[in-house]
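So you know, we letter chains A, B, ... as the sequences are listed, proteins then strands, and number each from 1.
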2 protein chains.
Amino acid sequence: MEPAVAVGKILVVDDEADILEIISYNLKSAGYETVTAKDGLEAIQKAKIFRPDLIMLDIMMPNKNGIDTCRELRRLPEFKDTMVLFLTALNDEKSEIEGLNMGADDYIAKPIKPRLLVSRINALFRRLNKSEEQQIQLGDLIIDREKFTVTYKGDEIILAKKEFELLQLLASKPGRVFLRNEILNQVWGTEVIVGDRTIDVHIRKIRQKLGVDLITTVKGVGYKFEL
Amino acid sequence: MEPAVAVGKILVVDDEADILEIISYNLKSAGYETVTAKDGLEAIQKAKIFRPDLIMLDIMMPNKNGIDTCRELRRLPEFKDTMVLFLTALNDEKSEIEGLNMGADDYIAKPIKPRLLVSRINALFRRLNKSEEQQIQLGDLIIDREKFTVTYKGDEIILAKKEFELLQLLASKPGRVFLRNEILNQVWGTEVIVGDRTIDVHIRKIRQKLGVDLITTVKGVGYKFEL
DNA sequence: TTAAACACCCAAATTATGTTGATGGAACCA
DNA sequence: TGGTTCCATCAACATAATTTGGGTGTTTAA
């Protein structure tokens with residue numbers, strides 16, 4: 001199952017054209033956007049333009065080897081957080097440790113096994129995406145679960161806990177109607193028993209605070225979030 | 001050079017006592033806090049109490065193998081984001097791909113090379129929370145983990161141990177809300193039981209000493225650091 | 001038209017947080 | 001070792017905010 005859109009941008013650096021092609025082909029098949037460079041100098045240039053999420057560096061290359069290239073990239077603030085993966089024919093423990101300690105995220109020995117390479121890269125990106133902020137964006141409304149904030153057209157809106165949870169629930173599936181019972185179960189839990197009015201009041205407060213009516217009442221059924 | 005506070009919590013799971021000991025010893029020397037388990041069932045139990053950042057799973061074990069254990073952990077919401085590393089004597093491409101595709105963050109073949117293992121784990125943690133950085137700088141505030149000092153606009157502020165740890169935790173992910181429970185687990189540990197007011201008191205002391213309110217209360221939820 | 005469903009406001013109940021001072025224990029220093 | 005200071009915690013109270021349920025008026029759909 002391939003992702004529909006590019007999952008990330010990768011700069012592949014190696015002095016052997018064959019290898020660049022094989023890697024590039026496989027990464028593209030896996031949904032990544034790739035750019036290639038044939039040595040360290042070219043890599044730094046292209047990185048500045050392409051802004052990759054991950055840079056794959058061969059260690060032995062003319063015009064600045066992989067280690068030096070990595071060191072130089074790490075010095076530049078814009079590449080401080082860029083992931084780096086070393087790719088090398090040197091398969092000894094010492095250089096692997098050195099590479100990782102330099103701040104690389106992975107170290108893969110040649111010969112390249114394309115499917116394995118893709119799996120490892122997927123693992124790196126999976127982690128990267130998880131660590132990024134989890135937010136729901138719906139039109140002008142942004143709900144940030146981590147920060148526990150809601151922004152509407154750039155203005156932060158302070159919601160109370162229950163209000164936040166309720167809005168989050170409705171916004172999790174825009175357009176879908178949530179029955180009153182569903183809302184009670186999800187937001188208040190099965191143990192707590194509260195009256196029907198309680199939901200109304202919270203809905204009202206959300207509408208009040210947002211200033212716009214993004215929550216539609218479906219009479220006799222429940223509520224839904226709509227843009 | 002040992003970090004002043006543990007850089008991360010690791011649960012090591014293997015059925016061979018020797019291996020547990022070797023790994024545990026090396027991780028502790030590198031500054032990690034470790035707990036061990038001898039099979040999958042024990043791993044899940046201990047994970048629930050210990051709340052590790054990373055779980056190292058041997059694949060072949062009695063009482064639920066590593067793959068199944070990982071699958072089960074991933075199903076539990078509290079371990080969705082926990083890092084998993086497979087450790088195995090199986091050194092073939094197919095099972096490595098399978099392991100990584102299951103959501104593992106790394107896959108390391110036995111025999112174990114301790115220094116390499118530590119480097120790989122450091123690489124994972126580096127990405128996770130940049131906790132290796134000795135300094136956190138946020139606006140006018142500088143937190144130096146090594147010197148155990150906090151500076152605000154150039155003035156040094158003397159914080160007590162718990163205050164420092166609490167501030168450091170909140171500042172490690174600015175903007176992100178930390179639940180009271182998370183704070184208790186991270187700063188006080190799982191064994192100690194302290195009252196709710198204790199957190200408030202420390203928060204208050206930090207606010208007092210800083211002179212500015214960089215810590216925002218999210219009622220009913222927790223606290224967050226904000227510039 | 002007429003119930004049912006809903007919105008709105010209010011005030012009470014409940015819960016969360018902030019503050020202060022007291023206590024015991026650890027660390028420090030002479 | 002004895003005294004001193006600092007620290008972490010707690011208890012009790014103060015304050016603030018959230019949540020709830022009831023009363024009342026309005027809208028809606030049949």
Side-chain angles (χ1 to χ4, degrees), chain A residues 147-150 156-170 177-226, chain B residues 4-5 147-150 156-170 177-226:
Chain A
K147 296 189 175 163
F148 226 87
T149 56
V150 176
E156 186 170 330
I157 294 165
I158 312 287
L159 292 184
K161 198 173 99 175
K162 282 276 185 296
E163 292 161 10
F164 185 83
E165 285 169 357
L166 179 49
L167 177 60
Q168 189 183 272
L169 174 67
L170 295 179
V177 178
F178 287 85
L179 310 178
R180 298 179 102 77
N181 259 330
E182 275 182 290
I183 294 174
L184 284 177
N185 280 329
Q186 295 283 325
V187 180
W188 277 267
T190 40
E191 295 130 45
V192 198
I193 298 160
V194 293
D196 252 10
R197 293 288 74 68
T198 304
I199 297 178
D200 304 347
V201 173
H202 281 95
I203 292 279
R204 180 169 59 86
K205 289 209 173 143
I206 296 171
R207 296 210 255 232
Q208 235 170 33
K209 288 187 180 176
L210 288 183
V212 217
D213 198 351
L214 295 170
I215 299 172
T216 310
T217 305
V218 183
K219 280 226 161 196
V221 188
Y223 295 92
K224 66 177 169 177
F225 184 94
E226 263 184 336
Chain B
V5 285
K147 295 183 188 158
F148 224 84
T149 57
V150 176
E156 186 169 330
I157 293 165
I158 311 288
L159 291 184
K161 197 167 130 230
K162 281 278 185 297
E163 292 160 11
F164 185 82
E165 284 170 3
L166 179 49
L167 178 61
Q168 184 184 274
L169 174 69
L170 295 178
V177 174
F178 288 84
L179 311 180
R180 290 175 106 74
N181 259 331
E182 274 183 290
I183 295 174
L184 283 177
N185 279 328
Q186 296 284 324
V187 179
W188 276 266
T190 40
E191 288 132 51
V192 198
I193 297 162
V194 293
D196 248 7
R197 295 283 70 70
T198 302
I199 297 179
D200 306 349
V201 172
H202 282 93
I203 291 280
R204 175 172 154 272
K205 287 194 181 155
I206 296 171
R207 296 210 254 230
Q208 237 170 27
K209 288 186 179 176
L210 288 183
V212 217
D213 198 353
L214 296 170
I215 299 172
T216 309
T217 305
V218 183
K219 274 222 165 196
V221 187
Y223 294 92
K224 63 179 168 178
F225 184 95
E226 264 185 334

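- When the nucleotides D:dA8, D:dC10, C:dT17 are ranked by their closest atom to the side chain of B:Asp200, C:dT17 comes out on top.
- Checking D:dC10, C:dC9, C:dT17 against every side-chain atom of A:Arg204, the shortest atom distance belongs to C:dC9.
- The separation between B:Phe164 atom CZ and D:dA8 atom C1' is 17 Å, rounded to whole Å.
- Here D:dG21 presents its P atom at 10 Å from NE2 of A:His202, a figure rounded to the nearest Å.
- Proximity of B:Trp188 to the phosphate of D:dT9: a side-chain N or O atom is located under 4.0 Å from OP1 or OP2.
- Contact annotation: B:Thr198 reaches the phosphate of D:dC10 (side-chain N/O to OP1 or OP2, under 4.0 Å).
- For B:Ile158 and B:Arg197, each mapped to the nucleotide of DNA chain D holding its nearest heavy atom, the one lying further toward the 5' end belongs to B:Ile158.
- Side chains of B:Trp188 and B:Thr198 form a contact here, defined as non-hydrogen atoms less than 4.5 Å apart.
- Distance, A:Ile215 CD1 to C:dC8 C1': 16 Å, rounded to whole Å.
- Ring-plane geometry between B:Phe148 and B:Phe164 is classed as parallel, the angle between the planes falling under 30 degrees on a 0 to 90 degree scale with a further cut at 60.
- Computed from coordinates, the B:Arg207 CZ to C:dG18 C1' distance equals 8 Å when rounded to whole Å.
- In this structure, the CD1 atom of B:Ile183 is 14 Å from the C1' atom of C:dA16, given to the nearest Å.
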**OP:** For salt bridge (charged side-chain N to carboxylate O under 4.0 Å, His left out), just list the numbers for A:Arg180 and A:Asp200, CA-CA rounded to whole Å, side-chain angles, deciding distance to a tenth of an Å, and then say yes or no.
**Re:** CA-CA 10 Å; A:Arg180 298 179 102 77; A:Asp200 304 347; 2.5 Å; yes
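- Among the atoms of the strands shown, only primed sugar atoms or phosphate atoms (P, OP1, OP2) are found under 4.0 Å from some heavy atom of B:Val218.
- With D:dT20, C:dA7, C:dG18 as the candidates, the nucleotide lying closest to the side chain of A:Thr217 is C:dA7.
- Once rounded to the nearest 0.5 Å, the distance linking CD1 of A:Ile199 with CG of A:Leu184 reads 4.0 Å.
- Separating the CD atom of A:Gln208 from the C1' atom of C:dC10 is a distance of 13 Å, rounded to the nearest angstrom.
- For B:Lys219, taking side-chain heavy atoms from C-beta onward, the closest of the listed nucleotides D:dA17, D:dT19, D:dG21 is D:dA17.
- When distances run from any side-chain atom of A:Arg180 to the nucleotides C:dC6, D:dT20, D:dT9, the shortest one goes to C:dC6.
- In this entry the distance linking NZ of A:Lys162 with C1' of C:dA16 reads 13 Å, nearest Å.
- Between the NZ atom of A:Lys205 and the P atom of D:dA17 there is a distance of 13 Å, rounded to whole Å.
- Residues B:Ile206 and B:Leu167 share a closest heavy-atom pair of CD1-N, 4.0 Å.
- Among the protein residues, B:Tyr223 comes within range of the sugar-phosphate backbone only, with heavy atoms under 4.0 Å from sugar or phosphate atoms but none that close to a base.
- Closest to the B:Val201 side chain, of the nucleotides C:dT17, D:dT18, D:dT9, is D:dT9.
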